[in-house]
Every structure is written in structure tokens, then in C-alpha cells.
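Bear in mind that the values here come from a model prediction, so they are computed numbers and not experimental data.
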Amino acid sequence: MDEIVSRTNLSSIDFAQGALLLVDKPQGWTSFDVVNKIRGTIRHVFNISKIKVGHAGTLDPMATGLLIICTGKWTTKLSEFQGLDKEYTGTMTLGATTASYDKETPEENLREYDHLSSLAIRDAAKTFIGEIDQIPPIYSAIKVEGRPLYKSARKGQEVEIASRRVVIHQFDIESFDLPDVHFNVTCSKGTYIRSLAHDVGQLLGCGAYLSALSRTKIGEYDVDDAWKLEELVQVMARK
């Protein structure tokens, strides 16, 4: 795919005209942190005072993996990339829930999980394959009446969250190290893997939360072809 900025064509790219960057987001960074870092580097290194930079599909700070970053005129294509299916690898931890559905908030509602067999866990995962109605986590950027849900969550305010229809194409349980369950999932846009892990825990009756996540693919774009953010910034700085 010639439009992707690679190590061989970086020096010839006109970022104002438009470019597509594949970046492996580091843990602890927000997607906007990555965008801001790349925008600032382009402005400084390539002497471009104003440059549009955006991403196609947010990853939570805890998550790692593929971000599609567009610059310049390519930002008009962001909605096309956002509509592509996504693939993830991750880990859900059984025996507890959290308010955020991941490790960002403390464990609560501790329950036994030792009685669960690998077959029972795999059978539970299979029930989510296909079209499902999913309720997003309250700790999310989705807006209700113009206000992001996470702001209401932090204030302890209850908000009615509408479900959304998503598609789980594939949900494979890869291995077990109880209470940790490692999985691979391919899904439509708008799917919250945190909610998927939470819902599996509810079905099993023991609770679960997402403890690790990496996005490996967006459509045909693969994290194996992505830049490490630190490397990208270093290479840009040498141009």
C-alpha cells in the first residue's frame, strides 16, 4: 500500500498534502497524546505551522496496538477507516468486576471462579458471536446530552446508557491461566471489548474485567507494519 508512510519513503512525504501512518500505541498514552506528539513533531521538523492530524478509532490508555493516523488532506478519509472491522488480543480476569470494566478502577464484587471449566468459559464466549446489543461502559467518552459519560462516572452520577448494536465476528478463547483468560476477537466498529469482558463475567456468574488489550488489525492494516511511536519521532527528527 503505497500511501502508507514507511521507513523508505518518510523523507519524501508531504504531510500537508496527506499521509497515512500506522502507529503502535504505547501503554499509558491516550490516542490524542499520540496525535499531539506526531502533530508537534511534524510542525517542528518539517517547518509546517498548521497541519491537520487525526486518528481513526480510539484506544483506551491501558491498551496498546494499532492506530491509523492521517495527516493533511488524508484526514477526510478517517471515517472510512473508522468503519473497518477491528481485531484484538486481550486478557480478561475472572472473579471480580470493576466500575470501568478494566484495571483503571479497583476490583469489587469478588466471587469464586475455580469451579468453571475451560469448556464452560469457551461456551460462554460463543454466545456473543453475531449481532448483539451492547451497553458501553460508563467510563467512556460517549456523550449523553452533550456530556461525556466518564465525567458523570467520576462524579458518581447515574446515567441511563442506551445499548448499541455491534457485531462479533470471531471470539476465540486462546488459553487459560486462571483467573486470567486470554482471547482473540474480531468485531465491528463501535464494539467495546471492556463491555464484552464484563458481559462474559456476568454470564458465567463470577464477574470479569478486561486486564490487557492490544489492537492487532484495522481492516487489512496490521500492527506488524506499524511504527513504534518513539522510533517514528526519532526518524522524523533526523530528516
Side-chain angles (χ1 to χ4, degrees), residues 1-6 9-10 13-26 29-43 46 48 50-90 130-137 139-151 161-170 185-196 213-227 229 232:
M1 287 170 245
D2 295 336
E3 73 274 11
I4 298 177
V5 177
S6 68
N9 69 356
L10 180 61
I13 293 297
D14 184 338
F15 287 99
Q17 281 298 309
L20 187 155
L21 289 154
L22 304 182
V23 178
D24 186 355
K25 188 189 82 65
W29 287 60
T30 69
S31 302
F32 293 107
D33 288 338
V34 176
V35 167
N36 289 337
K37 182 69 174 179
I38 292 173
R39 182 190 294 113
T41 303
I42 292 172
R43 284 175 174 171
F46 295 91
I48 303 174
K50 292 184 178 180
I51 179 72
K52 289 183 178 180
V53 183
H55 69 83
T58 302
L59 280 172
D60 292 330
M62 182 195 78
T64 63
L66 184 60
L67 277 178
I68 292 180
I69 307 289
C70 291
T71 76
K73 294 179 180 179
W74 269 80
T75 55
T76 61
K77 299 178 181 289
L78 285 172
S79 61
E80 297 176 26
F81 296 125
Q82 288 169 346
L84 298 174
D85 289 341
K86 315 292 191 299
E87 182 180 295
Y88 300 87
T89 60
E131 287 192 5
I132 62 171
D133 289 317
Q134 184 182 74
I135 298 177
Y139 280 83
S140 65
I142 293 173
K143 292 183 178 180
V144 174
E145 297 181 353
R147 181 183 178 85
L149 284 173
Y150 67 83
K151 290 188 177 181
I161 307 173
S163 65
R164 54 171 61 185
R165 180 62 60 92
V166 299
V167 182
I168 307 299
H169 300 292
Q170 178 184 342
V185 62
T186 304
C187 56
S188 67
K189 71 171 184 177
T191 303
Y192 276 89
I193 309 302
R194 283 185 286 151
S195 291
L196 186 60
L213 187 68
S214 181
R215 185 157 64 198
T216 52
K217 287 185 179 181
I218 300 175
E220 59 185 308
Y221 300 95
D222 196 305
V223 72
D224 289 342
D225 300 319
W227 291 88
L229 181 60
L232 174 61

[X] versus [Y], closest heavy-atom pair with distance:
{"X": "Asp222", "Y": "Asp224", "value": "OD1-N, 2.8 Å"}
{"X": "Lys189", "Y": "Gly83", "value": "CD-CA, 3.7 Å"}
{"X": "Thr71", "Y": "Phe15", "value": "OG1-O, 2.8 Å"}
{"X": "Tyr192", "Y": "Gln134", "value": "N-OE1, 2.8 Å"}
{"X": "Ala226", "Y": "Leu66", "value": "CB-CD1, 4.0 Å"}
{"X": "Gln82", "Y": "Gly57", "value": "CG-N, 4.0 Å"}

Next item on the list: Identify, with sequence neighbours excluded, every residue that meets salt bridge (charged side-chain N to carboxylate O under 4.0 Å, His left out) alongside Asp133.
Entry: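 Asp133 satisfies salt bridge (charged side-chain N to carboxylate O under 4.0 Å, His left out) with Arg165 once adjacent residues are dropped.
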Gap separating the [atom1] atom of [X] from the [atom2] atom of [Y], nearest 0.5 angstrom:
{"X": "Thr41", "Y": "Arg43", "atom1": "OG1", "atom2": "CZ", "answer": "11.0 Å"}
{"X": "Met62", "Y": "Leu213", "atom1": "CE", "atom2": "CG", "answer": "6.0 Å"}
{"X": "Thr64", "Y": "Leu229", "atom1": "OG1", "atom2": "CG", "answer": "13.0 Å"}
{"X": "Ile42", "Y": "Ile13", "atom1": "CD1", "atom2": "CD1", "answer": "10.5 Å"}

Check: Is there side-chain contact between Val23 and Val34, with heavy atoms separated by less than 4.5 Å?
Finding: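 Result yes, sub-4.5 Å side-chain heavy-atom pair found.
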Item checked: Flag side-chain contact, heavy atom, 4.5 Å: Cys187 against Ile193 ->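 Side-chain contact under 4.5 Å: yes.
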Margin query: Under the criterion side chain to side chain contact (heavy atoms under 4.5 Å, CB included), I'd like the reasoning laid out for Leu20 against Tyr221: C-alpha separation, chi angles, the key distance, then a yes or no.
Written below: CA-CA 11 Å; Leu20 187 155; Tyr221 300 95; 4.2 Å; yes
Checklist line | Test item: Asp24 side-chain N/O and Trp227 main-chain N/O as donor-acceptor pair under 3.5 Å | finding: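 Absent.
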Check: Lys217 side chain to Arg215 main-chain N or O, any donor-acceptor pair under 3.5 Å?
Finding: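 Checked: no pair found.
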Quick one: side chain to side chain contact (heavy atoms under 4.5 Å, CB included) partners of [X], sequence neighbours excluded?
{"X": "Gln170", "answer": "Asp172, Asn184, Thr186"}
{"X": "Asp85", "answer": "His169, Ser188"}
{"X": "Lys77", "answer": "Trp74, Glu80, Phe81"}
{"X": "Ser31", "answer": "Lys25, His55, Thr58, Leu59, Leu67"}

Item checked: Thr191, Ile168, Val167 screened by side chain to side chain contact (heavy atoms under 4.5 Å, CB included) with Ile132, the one that passes ->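 When side chain to side chain contact (heavy atoms under 4.5 Å, CB included) is applied between Ile132 and each of Thr191, Ile168, Val167, only Ile168 qualifies.
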Check: Which of these, Leu78, Leu22, Leu21, sits in a side chain to side chain contact (heavy atoms under 4.5 Å, CB included) with Ile69?
Finding: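 It is Leu21; the other options fail the test.
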Item checked: Thr75: side-chain hydrogen bond (donor to acceptor under 3.5 Å, both in side chains) partners, not counting sequence neighbours ->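 Counting only residues at least two positions away or on another chain, Thr75 forms no side-chain hydrogen bond (donor to acceptor under 3.5 Å, both in side chains).
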Check: Any side-chain donor paired with an acceptor under 3.5 Å for Ser214 and Thr89?
Finding: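 Checked: Ser214/Thr89 side chains show no N/O donor-acceptor pair below 3.5 Å.
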